[in-house]
Every structure is written in structure tokens, then in C-alpha cells.
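Scope of the values below: all heavy atoms of this structure, side chains included, with no hydrogens, waters or symmetry mates.
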Amino acid sequence: MKTLMLNLPHHSTPFPLGMTYVAGYLQHEVIGFDAFWWTGHLKKENPQEDKETRDARIEEMMMDLIAKEKPDIIGFTFHRFSDLDDTWLKKLRNNHKDVFLLGGGGLVSVPGHREKTLENTELDAIIFGEGEETARELEDALANGDRSRFHDIRGLSYKVGDKIITNTSRPAYPSVDHFYPDRSIFPGLGKGEDAYDQIAVYTSRGCFWNCSFCSVTKLANEYGIRKRRAQSPERILDGLNKLGAKRKIDVINVFDDDFLGTSIRDYERAHGMFVGLSKLPDLEKIIFEATPRGIVTSHTKTPHLWEVFRKLEKAGIEVEISIGVETMSEGVLDRMGKKTNYDINLKAVEIVREYGSPESSFNYVMYLDDEMTRQELKESIDGFYKLLALLPASGHKTLMNKTMVPTAGSDSYDGLQERSNLKKFKLPVAIDGQHSFTTYNFQDDEVAKSYVLIEYFKNDLDELYEKGVDVRNILFTIVDNANTLEIPGPEITAMGAYYDIHFKRGFMRKIKSCAVTKKVEAMIQSAKNKVGGGKKAPSMQAAPPAL
């Protein structure tokens with residue numbers, strides 16, 4: 001069976017680790033397994049092209065590749081629900097009636113969403129949970145032309161005519177040391193223009209946290225993968241050292257949600273990993289994520305783990321740490337189930353300031369759910385700037401840079417479906433599972449109006465902050481007076497309101513004419529005059545950011 005693994009045409013992530021783990025397992029378990037990954041669109045971009053021209057060119061290149069290689073199976077990883085624009089998959093199906101289209105990835109395999117995904121796309125099946133053995137059994141059934149065996153494959157959701165069948169989940173593997181990615185199909189591990197200098201690594205599976213806004217919680221509970229199962233440092237370092245002997249590795253990006261873990265054993269393991277990684281001959285940077293509690297506890301119990309970062313710095317290796325602070329409002333933290341608080345978050349950023357590289361950053365939720373109060377929003381704004389003051393000068397300074405809401409499929413997201421109009425939607429819709437906004441019933445909601453106005457003044461606020469102005473007073477004025485803005489329609493989406501600002505003139509007139517806008521404009525102009533800002537720069541000039 002020939003298997004082609006593809007990024008979707010409009011989403012060219014360089015880190016498809018799930019697929020490389022599946023490919024690595026199948027290479028050893030399936031006789032005649034033949035997999036390859038097309039990477040052309042990663043390196044053949046023309047910066048002069050507009051997005052529409054580039055997308056059309058990439059689609060054509062992909063279609064040409066499929067026609068040439070004639071794969072039996074094409075596998076896709078869906079990183080975001082907004083990837084589920086089925087237009088391209090329909091073209092693919094029309095041109096290749098018999099190819100088996102397989103989907104995977106945490107977001108489309110969330111309970112309840114895999115069925116919606118199959119209903120609304122041309123995909124034939126979705127693998128959910130840990131997919132190595134499921135993929136092996138699926139490949140075997142297809143190779144033997146016996147789809148009746150599908151009903152025995154755990155961790156598979158599939159179509160039979162118009163009917164969708166979801167099998168039971170597959171138990172978690174007790175050990176993950178025998179799984180390792182096949183990097184021969186990894187993007188950019190070729191030569192010349194295909195060379196890619198950053199390597200992504202997972203060092204564990206499972207999650208011991210129980211955050212209400214994250215779909216991993218629900219996945220872990222359903223699939224029995226709550227317990228964290230870590231790979232041994234020796235196994236990981238052996239593979240990276242072998243790869244490093246063949247090609248240059250400049251950056252190691254550790255993709256674990258909390259690489260440090262929660263115990264002395266976890267911290268000692270992390271220490272061993274950092275020491276081993278420092279011996280890679282060309283390494284320039286290590287990037288990893290950690291929770292505030294993990295940072296504070298490990299700094300107290302295993303200070304030698306943090307001292308190793310000083311040694312790495314002296315050896316010319318940067319350590320970039322991303323902290324999952326999320327918010328400084330304790331009411332929001334409680335609803336999130338984050339098991340942290342204001343003081344721990346503050347201490348974690350102080351530690352990272354001392355040991356991390358200037359590029360270290362924190363993920364921050366300026367707006368989370370439809371229960372947020374005006375006071376919680378003000379606490380979030382105030383806490384955000386207190387954290388910013390602790391970060392190095394080159395750290396994140398953009399107010400809404402990392403704004404997030406509940407991931408589709410999480411407990412918080414399901415609650416929103418019950419309380420709002422989300423339930424009327426069917427996938428695919430533009431719901432980005434990580435860095436975008438879902439749909440709320442926002443009518444007469446002062447927090448939503450505050451968000452719209454903060455976005456409207458974002459460029460001005462960033463400009464003033466960069467010049468040393470404390471902009472919190474301006475932001476608090478927005479929150480305290482936001483109800484003077486009339487929001488049209490029975491509901492808006494937070495992201496939709498942002499686009500409304502750009503494209504709907506009626507909404508734009510309402511924003512410009514409302515009392516709080518005029519009041520804030522006067523405050524901004526006064527602040528600019530004091531710092532020599534000249535005339536007020538028009539707000540919201542840039543295209544909406546990729547949140």
C-alpha cells in the first residue's frame with residue numbers, strides 16, 4: 001500500500017509529529033509499507049504572490065503529485081477546525097474516486113466532532129486516540145480488500161454509505177519507548193532548499209492536568225491516556241544524536257504541554273535531557289513549554305535543573321521558555337481548573353526572567369468565556385501589564401497576541417454550546433481550536449463590547465506602550481464605558497466583530513460615534529502629545545492577525 005501524508009494546501013505546518021510516529025511504527029510492522037510526505041510548499045513560496053494565487057498554485061502542485069504517485073491512502077492531520085474547508089477535498093475526490101482519505105489530529109478526533117467532521121467532509125475515516133496500532137490494522141484491512149474488518153478496529157470512526165460508525169477507543173499503550181518518529185518523511189530533512197533547521201520532539205504522552213478549556217482533558221479521559229508516560233532521555237537523545245551526525249540541527253522544539261512535569265523524577269529527567277541536548281554539535285536554541293506551578297516547584301526542589309540553563313547560555317545555546325500563564329484573574333483561573341493562582345503565575349515569570357532567553361514568553365487569555373465579568377477583565381488587563389514588566393525587553397509586548405478561548409470539544413466549549421447559539425452550527429465552520437474565538441450570545445454584554453473597543457484601539461495602545469506609556473488607565477476607561485457602544489444583531493462572534501470593524505461600514509460608524517470612542521481618542525491623543533506621537537495613527541489598519 002502506498003501512503004501519501006499531506007499538509008492541507010492552506011496549512012503548511014513543519015511539525016507533523018503524529019504522522020511521523022505512525023509512519024515509524026508502520027515501517028517496522030507492515031511489510032511493503034511505503035509512505036512519503038510532500039514538502040514542496042514549505043520551501044517554494046514566492047513572497048510576491050497574494051494568498052489566493054499561492055493557494056491555487058499549491059493545490060495544482062499537490063494534484064500533480066497525487067496523479068503521478070497514485071497513492072492508495074492519503075492521510076491528513078487537521079490542526080484546526082478552520083482547516084475543514086472541504087472545497088479542496090471535494091476536488092481531490094472528484095479526480096481520484098478510489099483513494100482512501102484518512103483524517104487525524106487531536107482537534108477532529110475530539111468526541112462528538114469526529115462524526116461531524118465525517119458528515120461534512122469527503123474523508124472516509126478518522127483515527128482517534130493513539131493511532132499507531134489503529135493505522136496498522138487499517139492498512140492491513142485495506143491491503144487485503146476487506147473493509148468488513150473495520151468494525152473490529154479500535155480507535156476508528158468511518159463511513160459505510162451514509163452511515164457513520166464509531167468504534168470503541170483503544171487502550172493507552174503502557175510504554176511509549178518503542179515508538180519513535182520516522183524522520184525520513186519529516187518535512188525538510190532533505191538537502192539543499194528542502195533543509196529545515198528546526199526539529200520538533202515529543203518526550204511524553206498523556207496529561208495529568210484537568211483544565212476545563214482544553215480538549216486534551218476530554219480525550220485523555222475517554223481514551224484512558226490520563227497517566228503521563230514519558231520516553232527515556234536515552235531513547236530520545238540516541239535518535240537525535242544519530243540525526244545530528246547526518247545533518248545540522250539548529251533548534252530543538254520540545255512540544256510537550258508541560259515538559260518539566262510535576263515530580264522530582266520529572267525534574268531530574270528534564271535535567272538529563274537538557275544536558276544531553278547541549279552536546280548536539282550545532283545546537284543554537286532549545287524551546288519548551290512549562291506550567292507556572294511546574295516552574296516554581298522545580299526551581300525550589302531541584303535548583304540544579306535551572307542552573308543548567310546558565311551553563312547552556314555560556315555555551316552559546318539559548319533557552320526559550322513558553323509559560324502557560326493564561327490569565328491573572330483568579331475567578332477565571334478557578335473556572336479553567338488551572339490549579340494555580342496569581343502569586344504562582346507572578347513567581348513563574350520572575351524565574352523565567354532570570355533564567356530564560358529574551359524570547360521567552362507567556363500565553364495569556366485576555367478573554368475566555370461568557371461568564372467573565374467586567375472586574376475580571378480589568379484584573380486580566382492589570383495582570384497582563386504586571387507580567388509584561390517582568391519579561392525581557394524583546395519579549396511579547398502585543399496586548400492580544402496570545403488570546404485564546406476554550407478548545408472545541410472541551411468541557412468549557414460544550415458548556416458554551418448549551419448557553420449560546422453554538423449548537424445551531426454544523427462543522428465545517430471557521431472555529432479555530434487553539435487561537436481564535438467561538439460564538440457567544442453577546443447582546444448587551446459589556447465585556448464583549450469592551451473586547452471590540454480594545455481591538456479597535458489596539459494599534460494605538462501598542463504604539464503608546466512601546467513608548468513607555470502605562471496604558472492601563474485607557475483600557476480601564478474602555479471597560480467602564482463600553483456600554484455606550486451598540487452591537488448590532490442578536491449575537492456577534494468576538495472574531496466576527498473584529499472583521500465587522502474592518503468590513504461593515506454601519507458597524508464602523510457606530511463605533512466611531514459612540515461616547516467611549518471619543519473619550520478614549522482624546523486620552524490617546526493627549527498621551528501621544530506628551531511622548532511626541534504627533535497625529536493619531538488610524539486604528540485597525542493592519543489585516544486581522546493569525547490568532
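Shown are I249, I236, L280; of these, the side-chain contact (heavy atoms from CB on, under 4.5 Å) with N241 is made only by L280. The one candidate from E122, M63, M62 that meets the side-chain contact (heavy atoms from CB on, under 4.5 Å) condition with K91 is M63. With S204 as reference, R228 is the one residue of R228, R229, Q231 to meet the side-chain hydrogen bond (donor to acceptor under 3.5 Å, both in side chains) rule.
With respect to E133 and R136, a salt bridge is recorded, a charged nitrogen being found less than 4.0 Å from a carboxylate O.
Considering only residues two or more places apart in sequence or on other chains, A290 meets the side-chain contact (heavy atoms from CB on, under 4.5 Å) condition with D258, L260, F288, I295. Scanning for salt bridge (charged side-chain N to carboxylate O under 4.0 Å, His left out) contacts around R235 gives an empty result, with sequence neighbours left out. Taking K242 as the reference, D238 meet the salt bridge (charged side-chain N to carboxylate O under 4.0 Å, His left out) condition, with sequence neighbours excluded. Applying the side chain to side chain donor-acceptor pair (under 3.5 Å) rule to D124 yields the partners R93; only residues at least two apart in sequence or on another chain are considered. Every residue meeting the ring-ring contact (aromatic ring centres under 6.0 Å, His included) condition with F179, not counting sequence neighbours, appears here in chain and number order: Y25, Y173. Take S148 and apply the side chain to side chain donor-acceptor pair (under 3.5 Å) test, not counting sequence neighbours, and it matches D146. With sequence neighbours left out, the salt bridge (charged side-chain N to carboxylate O under 4.0 Å, His left out) criterion links D64 to no other residue. Remark: T134 engages R170 in a side chain to side chain donor-acceptor pair (under 3.5 Å) (not counting sequence neighbours). Taking E289 as the reference, nothing meets the side chain to side chain donor-acceptor pair (under 3.5 Å) condition, with sequence neighbours excluded. For D140, the side-chain contact (heavy atoms from CB on, under 4.5 Å) partners two or more places apart in sequence, or in a different chain, are N144, R149.
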Would you check, one step at a time, whether the test side chain to side chain contact (heavy atoms under 4.5 Å, CB included) holds for I165 with H151? CA-CA 8 Å; I165 299 172; H151 72 275; 5.9 Å; no
Go through the steps to decide whether L4 and L65 satisfy the test side chain to side chain contact (heavy atoms under 4.5 Å, CB included), and finish with yes or no. CA-CA 10 Å; L4 170 62; L65 176 76; 4.1 Å; yes
Show, in sequence, the C-alpha distance, side-chain angles and deciding distance for V201 and F255, and conclude whether the side chain to side chain contact (heavy atoms under 4.5 Å, CB included) test is met. CA-CA 6 Å; V201 177; F255 266 35; over 6 Å; no
Apply side chain to side chain contact (heavy atoms under 4.5 Å, CB included) to residues F150 and V160 and explain how you reach the verdict. CA-CA 10 Å; F150 282 10; V160 178; over 6 Å; no
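A side chain to side chain donor-acceptor pair (under 3.5 Å) check over residues 152-162, counting only residues at least two apart or in different chains, returns the pairs S157-T166.
Although no hydrogens or angles enter the test, the distance criterion places no donor-acceptor pair under 3.5 Å between the side chain of N210 and the main chain of G337. A donor-acceptor pair under 3.5 Å is formed between the side chain of D72 and the backbone N or O of K2.
Separation of atoms CZ (R335) and SG (C211) is listed at 14.5 Å; rounding is to 0.5 Å. Between the CG atom in L138 and the CD1 atom in I73 there is a gap of 5.5 Å [rounded to 0.5 Å].
A cation-pi arrangement is absent between R147 and F100 under the rule of less than 6.0 angstrom and at most 45 degrees off the ring axis.
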